[in-house]
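Working notes, structure below.
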Amino acid sequence: MWASLRHCPLPMVIASKNVTCCSLRKREAGRDPPEPSWGMAGGSVAACSPAEHRLEAVLPGLAPTHIPVCGLFLPAVAFLVALQQNKQLIGDRGLLPCRAYLKSVQQYFREQGAWDAWSYAPTIIWLLDWSNMDFNLDLLALLGLGISSFVLITGCANMILMAALWGLYLSLVNVGQVWYSFGWESQLLETGFLGIFLCPWWTLSRLPRHTPTPWTVLWAFRWLIFRIMLGAGLIKIRGDQCWRDLTCLDFHYETQPVPSPLAYFLHRTPWWVHRFEALSNHFLELLVPFFLFLGRRMCILHGVLQILFQVVLILSGNLSFLNWLTIVPSLSCFDDASLGFLFPSGLAGLKDRALKLQDEEAQGAQSRPRHVGCAVRRVVNLSLGVLLAWLSVPVVLNLLSAKQVMNTTFGSLRIVNSYGAFGSITKERTEVILQGTASPNASAPDAVWEDYEFKCKPGDPWRRPCLITPYHYRLDWLMWFAAFQTYEHNEWILQLAGKLLVNDAQALSLLASNPFEGRPPPRWIRAEHWRYKFSLPGGKHAAEGKWWVRRRLGPYFPAVRLEDLEGYFREQD
């Protein structure tokens, strides 16, 4: 009994302002409605006066037309991050050049053949000229940024554009190495892949016709948010003891990778607040996901709770675009009846245009969709459902396993993945602080060591924690992991030290400040290990303007010169 007009993208997050099928029903007593030719199969439209038009939907229709800002600009943010940071990280002179990585893949599969290398790391870069990898990386990022900006500005998208976005980002992720090794990359790709099938084949219109909302894709998005939340909850219960003791939030705000300003104050809330927060986290991640299967009202409640939860996480930490991205599949929980108030009812508005389409349909003025196209679409949707079910098997087995692994991909295309976050919580925050000196003798008592400041990670105790989400500083994030490992596990940090020893402008663009700017480069670089704690609000250190109190633990790696690093890497080779 529904005709549907639905917003097309949730594309690569990938929500633009497309509309393809929303659910508007018109009634007239004593009259059987005619068969619809657009909207959900089995839907119907009956004639009535415009005053009687109302929203009543089972599928998301006009409701997703104005996707929250997070869904509208996330693809552009992801490609912008790539454009601004990839050359420094994986370019020709990057910390981990992707050319060397692809050559190592070729070498590993030299006996099996080129196809095995392709299937291991599918990327468009295999087809490009490797003599200028910086150009290749910029080309992919600019194409992705351009397409996603077009979708955002015009509100028009189709399967071709969405598939292009997915392929471009997949190409970057598969050569990104450790910089692209986190769960939100796979989550963005999975979300984008599903978004492809919400769009018309090639039509570029804000209100394309004959493109009903596939139930397959609707439930695929619900299956995605179910796995994201349940996976995160299970990894916590099976992981760190503090999640079972409800004490993890005593530490998390201070020790998370890149704290926000709000985290400074949340860390100092009473102990019983932290217990309530931990208990609420378990409720939202372990119980609420099952609301999806308990009828319309509980499904809507699930969407509301998960979106509010993600907003809290956005404010309390800088987890890249992870939490913004998690809001997108939550939107599949809503229908037009629940969110219809968000859409203007004026003339030439989307509601008005949808009603006119239905009037044309009821009067027989609108042509019937071609049966071949509808049949092909149904076959595609059915095939998608079978594919997702097959690829979900290892994911489900992983969820059920006592040895669950979080943020794991089970295929190089990253179509269905496992997710999870913070299965273990660090109890103390340590930071690696890079320092340089112009002194000819690094061990001299009068040697002056000057700190390099990063864009967002803690360093200067007087600097306020930043709030940059959904933007992401990849080097800052990896420095957090390096702090509780050793430099032998993170040789890229020695590559960074070598570049600082020559004042490399490309590497320095990843940092907030260079103490040797306008001067000769340092003669020595060292890394120091420090213990960081939030200052006490209202206490002595806070009164001095300090956000952090720090204490030196010892060297992370000793003072090195450029020739020392050259010798080290020759030995490694």
Checking side-chain polar atoms at under 3.5 Å, does [X] have a donor or acceptor matched by the opposite partner on [Y]?
{"X": "S186", "Y": "R414", "value": "yes"}
{"X": "Y120", "Y": "Q112", "value": "no"}
{"X": "S338", "Y": "D335", "value": "yes"}
{"X": "Y419", "Y": "E190", "value": "yes"}

State yes or no: are the ring centers of [X] and [Y] separated by less than 6.0 Å?
{"X": "Y473", "Y": "Y471", "value": "yes"}
{"X": "F226", "Y": "W223", "value": "yes"}
{"X": "W477", "Y": "W179", "value": "no"}
{"X": "F73", "Y": "F321", "value": "no"}

More than 12 heavy atoms of other groups within 6.0 Å of F135 CZ: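 Not more than 12 within 6.0 Å, no.
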With sequence neighbours excluded, residues passing side chain to side chain contact (heavy atoms under 4.5 Å, CB included) with V380: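 In terms of side chain to side chain contact (heavy atoms under 4.5 Å, CB included), with neighbours along the sequence ignored, V380 is linked to F197, W201, V376.
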How close do D134 and G91 get, counting heavy atoms only, and between which atoms?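 Nearest heavy atoms, D134 then G91: OD1-CA, 3.1 Å.
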Over 60° means perpendicular and under 30° means parallel, so classify the ring planes of W126 and W118, tilted if in between.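 Parallel, since the angle between the ring planes stays under 30°.
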Show every salt bridge (charged side-chain N to carboxylate O under 4.0 Å, His left out) that has at least one partner inside residues 106-130, sequence neighbours left out.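 Not a single pair qualifies under salt bridge (charged side-chain N to carboxylate O under 4.0 Å, His left out).
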Any pair with a residue in residues 305-319 that passes side chain to side chain donor-acceptor pair (under 3.5 Å), sequence neighbours left out, goes on the list, sorted by first then second residue, please.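 Applying side chain to side chain donor-acceptor pair (under 3.5 Å) to every pair that reaches into residues 305-319, excluding sequence neighbours, yields Q310-N323.
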